[in-house]
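These numbers come from a predicted model, not from an experiment.
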Amino acid sequence: MNIELIVFIVYLIFMLGIGVYFFLRMRSGGEKDYFLGGRQMGPWVSALSAGASDMSAWSLMGLPASVYALGMGQTWIAIGLAIGYALSWILEAPRLRRYSIAAKDSITIPQYLTNRFLSKSKVMQVICAVIFLVAYTVYAASSIKACGTLFNTVVGVDANAAMYVAAVIIVSYTFLGGFSAVSWTDFFQGMLMLAALLIAPIFALALVQSGQGASAMDQVGAGYWKLFTNWQDVVSGLGWGLGYFGMPHIIIRFMAVRSDKDMKKSAAIGISWTVLILGFAVIAGLIGRMYLGEIADTSTVFIQMVRKMFPPVISGVLLSAILAASMSTADSQLLSSASAFASDVYKPVIRKGKASDKEMLWMGRAVVLAVAVAALLIASNPDSGSIMDLVSNAWGVFGAAFGPVILLSLFWRRFTFGGAVAGIVVGAAVDILWLAFLSSTGVYEIVPGFLCGCLAAVAVSLMGKAPGEDVVKLFDQVRSKQEI
């Protein structure tokens, strides 16, 4: 146990060191540098950062646990995510990068959605910021909770104490280094996550084939191995993929890529990495069932599998992947919520555009701290729900609210500012109401939320006045532009 704890501590110090490094070399100290890395991210860092910021602890704890407990039917979640992620890189990423630059060099999603319509109204930015702050607080809570579960399970440290330590580390390097620190830590963490998910299931399968698996597999029903269980699992699983089109902390990476040429390479790297991660997360759940048999806490299937197979030094390194998954998502969420408030509410609404770069920098850091404290309070509440529950709730809100609007803004000339506002509000509202009152249907709330948000955006746009010539001209310029 002491060896595993030492490995965890060394890993956390390394992550903190990256934050200090980028704090010392931050070029201008301005908000574009802090929130978007100056749009200078290379293909490898952009791709793995986008993937790692997406694949939080649920990829090593939540998804394997669902597959372990419920069987092959849960594979539809991985299938839906793989399809959605690939389409977001291929269809959404290149045009979003070009459009965000053309639309007054927007550095946040709310800024882009406002500048896309050349609007002076701050309504869009305020609405987006509110959704960001609420949903990201819940999302970050899932990552912090995973850190507590890991330390408690592996080294016996009090879960709440571990959450506080993890939160301090995450906040520290995000606070100091901003987007560049977050992206580079995500890069290293993405490599570690992939290595852990490749190694552990392969070793476990070899042991199962040698006769060292659990003897309880004959107690698993025949339905466990069925891919097609019911239509709700298929629709809900595929619905997870819709979230990628509106997930701010992921698509912000598209805006930070250096060039369109790098975008193609980033897409190939990012899609390949994500497909491998999702595939082996499913395999980890299935092989974990064969290797371990029945366990009390299904969320620890990956942890128990690794600790049973490897000596402490190796298990400590592999289990650091859970820290990597948790931290790589939490840091991105903290930074996205900070940028939403500082750049989209504080500067244009509260300070009326008079805030200096230094003031914006410190306001962003203050929001990082505030959201982290709120997320920590949720995570430490025993009634807050499982890691997978927290992730699915936040994922649904973002996908339903922003997915349809982002896609329509990129590909529909007739889209209007009013339609965008309606799409965001209706998508988020339907998602939340479905979760509250119709979750018993077995259909994931993102599906009706996404559809209703899209319908509302289209209907309001068609009923209202067509966009002005300047807005249409900007759209046509972006569509015809080959390289920015």
Which donor-acceptor pairs under 3.5 Å do the side chains of residues 446-453 make with protein atoms, sequence neighbours left out?
none

Measuring only between side-chain heavy atoms, which start at C-beta, is V397 closer than 4.5 Å to V134? no
Just one of I107, I101, I109 clears the side-chain contact (heavy atoms from CB on, under 4.5 Å) bar with M255, so which one? I109
Heavy-atom nearest pair, S121 first then T114, reads O-CG2, 3.6 Å
Reported CG-to-SG distance for the pair N152 and C147, which is rounded to 0.5 angstrom: 12.5 Å
Shortest non-hydrogen contact between W412 and L462, atoms and distance: CZ2-CD2, 3.8 Å
Which heavy atom of S409 sits nearest a heavy atom of Y99, and at what distance? O-CE1, 3.5 Å
For Y68, does its backbone N or O pair with a side-chain atom of Y224 as donor and acceptor, under 3.5 Å? yes
Sub-3.5 Å donor-acceptor pair from the side chain of S88 to the main-chain atoms of I251, do we have one? no
Test side-chain contact (heavy atoms from CB on, under 4.5 Å) applied to V443 and W231, step by step: CA-CA 9 Å; V443 176; W231 69 269; 3.7 Å; yes
Centroid-centroid under 6.0 Å between F402 and F245 rings: no
Restricting to non-hydrogen atoms, name the atom on A141 and the atom on A379 that form the minimum distance, rounded to 0.1 Å. O-CB, 3.4 Å
The single option from W76, W240, W434, W395 passing ring pair (Phe, Tyr, Trp, His ring centres under 6.0 Å) against Y444: W240
Go through it in stages, so that I can follow the logic: the residues are F415 and V458, the test is side-chain contact (heavy atoms from CB on, under 4.5 Å), and I'd like the CA-CA distance, side-chain angles, deciding distance and then a yes or no. CA-CA 7 Å; F415 198 33; V458 171; over 6 Å; no
Which atom of L410 lies closest to which atom of F475, heavy atoms considered: O-CE1, 3.5 Å
Would you check if there is a donor-acceptor pair between the side chains of T229 and D233 at a distance under 3.5 Å? yes
Evaluate the side-chain proximity of Y85 to W273: yes if any heavy-atom separation is below 4.5 Å, no if none is. no
Could you verify whether a donor N or O on one side chain and an acceptor N or O on the other, from S106 and N115, lie under 3.5 Å apart? yes
Donor-acceptor under 3.5 Å (R97 side chain, V257 main chain): yes
Show every donor-acceptor pair shorter than 3.5 Å between a side-chain atom in residues 125-133 and any protein atom, with sequence neighbours excluded, or say none if there are none.
from	atom 1	to	atom 2	distance (Å)
Q125	NE2	D344	OD1	3.2

For I378 and T137, run side-chain contact (heavy atoms from CB on, under 4.5 Å): C-alpha distance rounded to whole Å, both residues' side-chain angles, the deciding distance at 0.1 Å, then the answer. CA-CA 8 Å; I378 294 174; T137 301; 3.7 Å; yes
Are any of the side-chain heavy atoms of Y112 and K104 separated by less than 4.5 Å? no
Going from CG on L433 to OG on S439, what distance comes out if it is rounded to the nearest 0.5 angstrom? 12.0 Å
Going from CE on M247 to CD1 on I406, what distance comes out if it is rounded to the nearest 0.5 angstrom? 11.5 Å
To the nearest 0.5 angstrom, please state how far the CG atom of L96 sits from the CG atom of L91. 12.5 Å
Keeping Q74 on the side-chain end and L70 on the backbone end, is there a donor-acceptor pair under 3.5 Å? no
I need the full list of salt bridge (charged side-chain N to carboxylate O under 4.0 Å, His left out) pairs touching residues 406-426, with sequence neighbours left out, sorted by first then second residue. R413-D476
Would you please name every residue forming a ring pair (Phe, Tyr, Trp, His ring centres under 6.0 Å) with F437, sequence neighbours left out? none
Return yes if some donor-acceptor pair links the side-chain N/O of S480 with the main-chain N/O of Q477 below 3.5 Å, else return no. yes
Could you tell me whether a side-chain N or O of T300 sits under 3.5 Å from a main-chain N or O of I303, the two making a donor and an acceptor? no
Side-chain heavy atoms of I424 within contact of L113, under 4.5 Å: yes
Could you pull out every donor-acceptor pair under 3.5 Å between side chains of residues 277-285 and any protein atom, sequence neighbours left out?
none

What distance separates S461 OG from F417 CZ, expressed to the nearest 0.5 Å? 11.5 Å
L81 vs T274 side-chain heavy atoms within contact, under 4.5 Å: no
Do the non-hydrogen side-chain atoms of M363 and K347 ever get within less than 4.5 Å of each other? no
Closest approach of D431 and E445, non-hydrogen atoms and distance? OD2-CG, 3.0 Å
Ring-ring centroid check W89 F254, cutoff 6.0 Å: yes
Starting from the C-alpha separation in whole Å, work towards a yes-or-no answer on side-chain contact (heavy atoms from CB on, under 4.5 Å) for W225 and L286. CA-CA 9 Å; W225 300 103; L286 295 173; 4.0 Å; yes
Greater than 12 external heavy atoms within 6.0 Å of K122's NZ: yes
To the nearest 0.5 Å, how far apart are CG in L435 and CD1 in I432? 8.5 Å
Which atom pairs, one a donor and one an acceptor, fall under 3.5 Å between side chains of residues 463-471 and the rest of the protein, sequence neighbours left out?
none

